[in-house]
Each structure stands twice: as structure tokens, then as C-alpha cells.
Amino acid sequence: MAFSLGSHFPFLAAYWQPVLLAALAAAVVHLLLERRRARTAAARPAPWRDESVSESAVDPAPPPPAEKTAARVPYRPARLGADEMVRRAEQFYRELNGRRSVRHFSREPVPRAAVEAAIRAAGTAPSGAHTEPWTFVLVESAEVKAAVRQIVEDEERVNYEKRMGAQWVQDLAPIGTDWRKEYLTEVPFLVLAFRHAYGVDERGERFTTYYNEISCHLACGLLLAALHQAGLATLTSTPLNCGPRLRRLLARPDNEKLVLLLPVGLPAADCTVPDFRRKPLDKIMAVC
Ligand SMILES: Cc1cc2nc3c(=O)[nH]c(=O)nc-3n(C[C@H](O)[C@H](O)[C@H](O)COP(=O)(O)O)c2cc1C
């Protein structure tokens with residue numbers, strides 16, 4: 001039987017020209033909007049993103065169901081009296097308030113066991129579905145430290161001269177940073193924190209690491225606190241555009257994305273830090 005547009009779609013048969021025009025116009029508008037969206041995304045100033053790492057498992061699979069299969073064990077941390085709670089909390093605050101970012105280090109050695117214990121402390125952080133999406137690379141070899149410094153200084157020179165822009169460079173002026181990073185070869189250790197953008201199980205299957213950014217950042221916070229608690233100094237540094245090269249240098253897999261580069265050691269005898277004040281409680285806490 002012959003197909004007749006008029007008998008099956010009388011509206012289309014009668015108005016095919018305006019319908020076709022409307023469809024074409026919609027397609028053109030969609031294309032224009034898409035191009036504008038892509039241009040805006042490209043122009044967005046987020047050069048710290050490491051675009052070489054895919055952000056998700058290609059075929060997202062749930063993570064190993066650790067919480068479902070794990071046996072239950074009693075949890076009874078020490079019960080403290082109210083005064084003791086306040087005393088400990090205030091003591092911890094005072095300790096942390098003494099932490100400063102250090103950019104002038106001594107060459108003195110520090111015990112590797114202290115840095116390892118701090119990394120273990122970082123590994124106690126909570127993580128989405130207990131996927132523990134972090135790797136901390138401990139660098140102690142002088143050659144590797146020199147290679148890290150070479151990469152960072154190469155990129156930082158371009159960052160300061162071209163990528164960061166005048167405002168950013170001006171905002172950093174009080175801190176006194178520039179592209180030179182002598183400390184990377186002076187410190188006894190470097191710790192590089194990598195976030196797992198997705199997980200890979202023993203069979204090589206990818207799985208989703210829920211909230212991997214916040215999980216890894218929490219672990220990094222604990223690491224900073226633990227290093228400080230051990231009397232070690234560090235600098236929270238996020239070398240712009242160095243992620244892919246450092247990942248390859250350290251032979252980290254494709255799912256790992258550089259989050260922080262931490263030089264670890266002791267402050268130089270003549271080390272100074274900017275005289276910054278921290279916001280008081282009423283400026284950082286709202287009570288409802
Ligand atoms: C996410 C983040 C990135 C940072 N990146 C750098 C960096 O690349 N280089 C640097 O010298 N300091 C860096 N800092 C350190 C800050 O400048 C420093 O924390 C701030 O000035 C406050 O000083 P304090 O750490 O002594 O309290 C960074 C800090 C954070 C939290």
C-alpha cells in the first residue's frame with residue numbers, strides 16, 4: 001500500500017514548510033548556544049584543573065561494597081568529662097594555630113618514620129563509601145626531587161609570566177612567592193597527594209569513587225595537621241599545570257590527579273612568614 005503523508009500526518013502535510021523552518025531555526029539556535037557554552041567554558045579561569053585525567057569511571061560501577069560486607073565491631077571511644085573535652089579541644093586549636101606555611105627550609109634530615117606516620121594519619125580520613133581515593137607519593141631521592149623542581153620551575157615561570165594574570169600575581173605579592181622553588185631540592189622529603197578520579201579494582205575494572213575530591217582534601221587536611229603535630233613544617237602548594245608531568249614522572253596511573261605538592265622538613269634558621277592574623281570565631285561561625 002502506498003504511503004501518503006496527507007492521510008497519516010495531515011497537519012504535517014498542510015504545514016510542512018513552516019514546520020521545517022521552525023526545526024531548522026531550532027537547530028541553528030541550539031548550535032549557536034552550544035558554541036557559546038563551549039567558548040565560555042574554555043575562557044573560564046580555572047587553569048588549575050588537570051584536564052588530562054578523566055573525571056569519572058567510563059562505565060561507572062559501584063565501589064566494592066565495603067560497608068555492606070564488613071563485619072560489625074563495637075565502637076567505644078573514651079568518654080571524656082566536659083572540662084576535659086574543652087581542655088583538649090582548646091589545646092588542639094592552639095597547636096593548629098601555630099601552623100604556618102613555610103617557604104624557607106633547612107637541609108636538616110628528619111625521621112622518615114614521622115612522615116610515614118603523618119601519611120598514615122591522613123589515610124584515616126573519611127571517604128565516600130570508604131573508597132579511600134588517595135595516594136601519597138613520598139619522594140626522598142635527590143634525583144627525583146631535582147626532576148620535580150625542574151618541572152615545577154618550568155611551569156611556574158610560564159604561570160607567573162602568562163597564565164596567572166596581573167591580579168593573581170599582585171595578590172601573591174605579600175606572600176613573596178615567585179617561580180623559583182629552591183625548597184623543592186632542599187627539603188628532606190616531598191609528599192605529593194594524588195586524588196583517585198575513579199577507582200580501579202584488582203581485575204582492572206573501574207569503579208566510582210564518590211566524592212573523591214572532598215575525601216582527598218579531607219585527607220590532605222589531616223596530613224597537614226599531623227605533620228605540624230610532629231614538629232614538621234610544610235607548604236601547601238598546588239603547582240599550576242604541573243599535574244600531568246608530575247604524574248608521569250612519578251609513574252602514577254591515569255586515574256590519579258595531583259592535588260598537593262608538600263615539601264616536608266624543618267624551617268630554615270632565618271625563616272620568616274607573613275604576619276597574617278586569622279579570623280576570630282565570630283567571623284567564621286554562625287549560630288542559629
Ligand atoms: C589550596 C591552596 C593552595 C596553595 N597554593 C600555594 C602555592 O602554590 N604556593 C604557595 O607558596 N602557597 C600556597 N598556598 C599557601 C597559602 O598561601 C597559605 O596557606 C596562606 O597564605 C595562609 O598562610 P598559612 O598557611 O601560613 O596560614 C596554598 C594554600 C592552599 C590552601
Side-chain angles (χ1 to χ4, degrees), residues 48 50 95-122 134-161 163-164 168-169 171-194 219-252 256 258-276:
W48 49 85
D50 173 358
E95 286 286 344
L96 287 189
N97 197 29
R99 182 208 56 80
R100 294 305 311 271
S101 291
V102 165
R103 296 176 184 84
H104 307 283
F105 286 86
S106 137
R107 291 180 179 273
E108 260 178 277
V110 299
R112 177 176 158 159
V115 185
E116 287 181 351
I119 293 174
R120 259 190 267 135
W134 45 65
T135 302
F136 298 94
V137 178
L138 179 64
V139 177
E140 59 178 344
S141 139
E143 293 77 53
V144 181
K145 278 187 262 179
V148 169
R149 177 174 170 185
Q150 181 71 52
I151 291 174
V152 173
E153 289 191 335
D154 276 0
E155 294 291 337
E156 286 284 77
R157 196 189 265 264
V158 185
N159 292 337
Y160 275 83
E161 285 168 6
R163 294 188 189 119
M164 287 159 53
W168 193 347
V169 172
D171 289 345
L172 288 174
I175 297 171
T177 58
D178 63 22
W179 62 268
R180 277 170 287 254
K181 310 288 170 192
E182 288 94 351
Y183 56 76
L184 291 175
T185 45
E186 289 168 355
V187 284
F189 295 104
L190 301 177
V191 176
L192 291 95
F194 287 85
C220 289
L222 293 186
L223 179 59
L224 296 182
L227 290 170
H228 176 69
Q229 179 68 18
L232 294 166
T234 187
L235 169 66
T236 310
S237 88
T238 43
L240 190 61
N241 265 49
C242 299
R245 289 175 71 188
L246 290 175
R247 179 162 55 79
R248 283 192 290 276
L249 172 75
L250 302 171
R252 299 314 307 159
E256 294 190 9
L258 182 67
V259 171
L260 288 184
L261 165 53
L262 303 172
V264 177
L266 296 169
D270 59 352
C271 173
T272 59
V273 293
D275 185 13
F276 288 156

> Roughly how far, to the nearest 0.5 Å, is the CZ atom of Phe194 from the CG atom of Leu261?
Replying inline: 9.0 Å
> Are Arg163 and Glu155 within salt-bridge range, i.e. N to O under 4.0 Å?
Replying inline: yes
> When rounded to the nearest 0.5 angstrom, what distance separates CG in Leu138 from CG in Leu262?
Replying inline: 11.0 Å
> When you check the gap from the basic side-chain N to the acidic O, do Arg112 and Glu116 get nearer than 4.0 Å?
Replying inline: yes
> Under 4.5 Å between any side-chain heavy atoms of Thr185 and Phe105, yes or no?
Replying inline: no
> Could you state the interatomic distance from CG (Leu184) to OG (Ser237), rounded to the nearest 0.5 Å?
Replying inline: 7.0 Å
>> We want to know whether Gln150 and Asp154 form a side-chain donor-acceptor pair, criterion being a heavy-atom distance below 3.5 angstrom.
In response: yes
> Does any N or O in the side chain of Lys145 come within less than 3.5 Å of the main-chain N or O of Pro188, such that one atom is a donor and the other an acceptor?
Replying inline: yes
> Say you draw a straight line from CD of Glu182 to CZ of Arg149; how long is it, rounded to the nearest 0.5 Å?
Replying inline: 5.0 Å
> Tell me, do Thr238 and Val259 make a side-chain contact under 4.5 Å, heavy atoms counted?
Replying inline: no
> Do Val110 and Phe189 come close enough that some side-chain heavy atom pair is under 4.5 Å?
Replying inline: yes
> At what distance, to the nearest 0.5 angstrom, does CD of Glu161 lie from CG of Asp178?
Replying inline: 10.5 Å
